[in-house]
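Note sheet for the following structure.
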Amino acid sequence: MARILLTGGAGFIGSHTAAVLLERGYDVVLLDDFSNAARDVPERLRRVTGVSLPLIEADIRDEAAMAAALAAFPVDAVIHFAAKKAVGESEADPLSYYDSNIVGTVRLLTAMHRAGVDRIVFSSSATVYGEPDVCPITEAAALRVTNVYGRTKLVMEGMITDLVRTGTLKAAAILRYFNPVGAHPSGLIGEDPRGVPANLMPYLCQVAEGRHPHLNVFGDDYPTHDGSGVRDFIHIMDLAEAHEAALRRVLARDGDFTVNLGTGTGYSVLDMVKAFASATGVKVPYEIVPRRPGDVAACYADPTMAANLLGWHATRGIETMCRDAWRWQSKVALTNQAP
Ligand SMILES: NC(=O)c1ccc[n+]([C@@H]2O[C@H](COP(=O)([O-])OP(=O)(O)OC[C@H]3O[C@@H](n4cnc5c(N)ncnc54)[C@H](O)[C@@H]3O)[C@@H](O)[C@H]2O)c1
């Protein structure tokens with residue numbers, strides 16, 4: 001079976017992808033600098049999968065460390081998750097985003113090239129579409145970045161497709177994620193944001209736990225079925241399984257492809273609040289507050305390309321997303337309260 005290096009493998013999407021790859025018999029090597037991940041993630045993964053993973057603690061910007069990692073663990077491909085990902089922070093400190101994301105990716109790609117590793121799966125984002133003209137969004141939609149984080153994703157996408165075009169890389173998958181939520185069904189791994197969460201689901205869970213008095217719903221006057229913003233929430237396990245499907249193609253065929261990873265169905269913020277109550281029995285108080293600048297009314301994927309190229313589609317619904325997120329969050333709350 002192939003051996004795969006996961007940069008940012010201790011993070012939210014990386015750890016769930018590691019769990020799926022291990023279950024499916026791949027050899028997995030995790031690399032992370034733990035700048036945005038808990039130290040106990042590898043141990044939690046061991047409890048989920050029964051496998052003790054090789055772990056390299058390194059920053060992707062350290063080219064010598066990347067070279068040493070690839071020398072110690074010759075791999076067939078890299079899945080490149082490691083990045084800074086907070087839109088607000090990227091606007092406040094753009095240079096650190098260029099450095100971590102763009103410079104880091106250049107260093108990683110250079111080390112891969114020198115080590116003869118020429119297949120990559122890359123974490124991109126639906127943020128590259130900016131404000132879409134129409135929904136569902138296909139991969140052919142205009143690319144309009146509206147923030148520094150999105151700019152770094154677009155630059156990295158372009159670098160990787162250039163490298164395939166010039167023969168420096170043999171194969172690449174560019175995966176544009178929509179809104180990953182939920183957690184592994186074991187409740188042992190999940191999303192663990194530092195500070196106040198910027199995303200809906202972790203915030204919703206923290207309100208349910210009593211850590212915040214209510215959820216702010218930003219705007220109820222959008223042209224959507226209930227006036228709140230509509231997004232394409234995708235269960236993290238569906239997203240992780242899509243990585244395995246993309247990886248299989250990248251290992252088997254040369255060339256590059258770009259696919260949206262979403263469910264194709266948009267749900268509103270208020271739909272999620274209702275689904276959370278029905279899935280967990282916890283009613284979350286909310287308040288309608290003014291729209292946030294930069295938020296779009298609706299954003300959801302056309303997932304046809306992923307179905308055609310990868311034979312993959314999302315199967316888990318919003319109640320499962322809420323139930324799994326809550327199982328994880330309630331365990332985190334218990335751990336945090338432990339003496
Ligand atoms: N979560 C989302 O909503 C979302 C949506 C679209 C795209 N993405 C992209 O998916 C990828 C993974 O996101 P995530 O939600 O798992 O984020 P995350 O922060 O949980 O995971 C990223 C991991 O990379 C590590 N990391 C960061 N900089 C590093 C560096 N310089 N060297 C080594 N490790 C480093 C962090 O410690 C963390 O464990 C990112 O590239 C992100 O931009 C995420």
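These values consider heavy atoms only, across backbone and side chains, with no hydrogens, waters or symmetry-generated copies. Whatever order the structure lists ligands and atoms in, that order sets their numbers, starting from 1.
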Is there a donor-acceptor contact under 3.5 Å from the side chain of R61 to the main chain of R107?
-> no
Using modelled atom types only, decide if a donor and an acceptor are shared between the side chain of T263 and the backbone of A314 within a distance under 3.5 Å.
-> no
Answer yes or no for K153: is there a heavy-atom contact with ligand 1 below 4.0 Å?
-> yes
In this structure, atom 22 (C) of ligand 1 is nearest to the protein heavy atom A83 O, 4.1 Å
Proximity flag A10 to ligand 1, non-hydrogen atoms under 4.0 Å = yes
Atom 32 (N) of ligand 1: the protein heavy-atom neighbour that sits closest, reported with distance to 0.1 Å = I60 N, 2.9 Å
Any chance the rings of Y177 and H243 have centres within less than 6.0 Å?
-> yes
Out of N199, D33, V128, L108, the nearest non-hydrogen contact to atom 26 (N) of ligand 1 is supplied by D33
Pick from A37, G8, G150: the one approaching atom 23 (C) of ligand 1 most closely through a non-hydrogen atom = G8
Considering only NZ, NE, NH1 and NH2 on the basic side and carboxylate oxygens on the acidic side, decide whether E157 and K153 come within less than 4.0 Å.
-> no
Which bit of Y149 is near ligand 1, meaning a heavy atom under 4.0 Å away: side chain, backbone, both or neither?
-> side chain
Closest heavy-atom approach to atom 11 (C) of ligand 1 among F122, F178, F81 is made by F81
If you look at every heavy atom in E244 and Y26, which pair is closest and at what distance?
-> OE2-OH, 2.7 Å
Are D40 and R47 close enough for a salt bridge, meaning some N to O gap below 4.0 Å?
-> no
Has G104 got any heavy atom lying under 4.0 angstrom from an atom of ligand 1?
-> no
Which of these, A38, A198, P180, has its nearest heavy atom closest to atom 2 (C) of ligand 1?
-> P180
Quick one: does A126 get within less than 4.0 Å of ligand 1, heavy atoms only?
-> no
Side chain or backbone of S35 under 4.0 Å from ligand 1, or both, or neither, by non-hydrogen atoms?
-> both
Close approach, S124 and ligand 1, non-hydrogen under 4.0 angstrom | yes
Do any heavy atoms of D32 fall under 4.0 Å from ligand 1?
-> yes
Close-contact set for ligand 1 against S125 heavy atoms, below 4.0 Å | 6 (C), 7 (C)
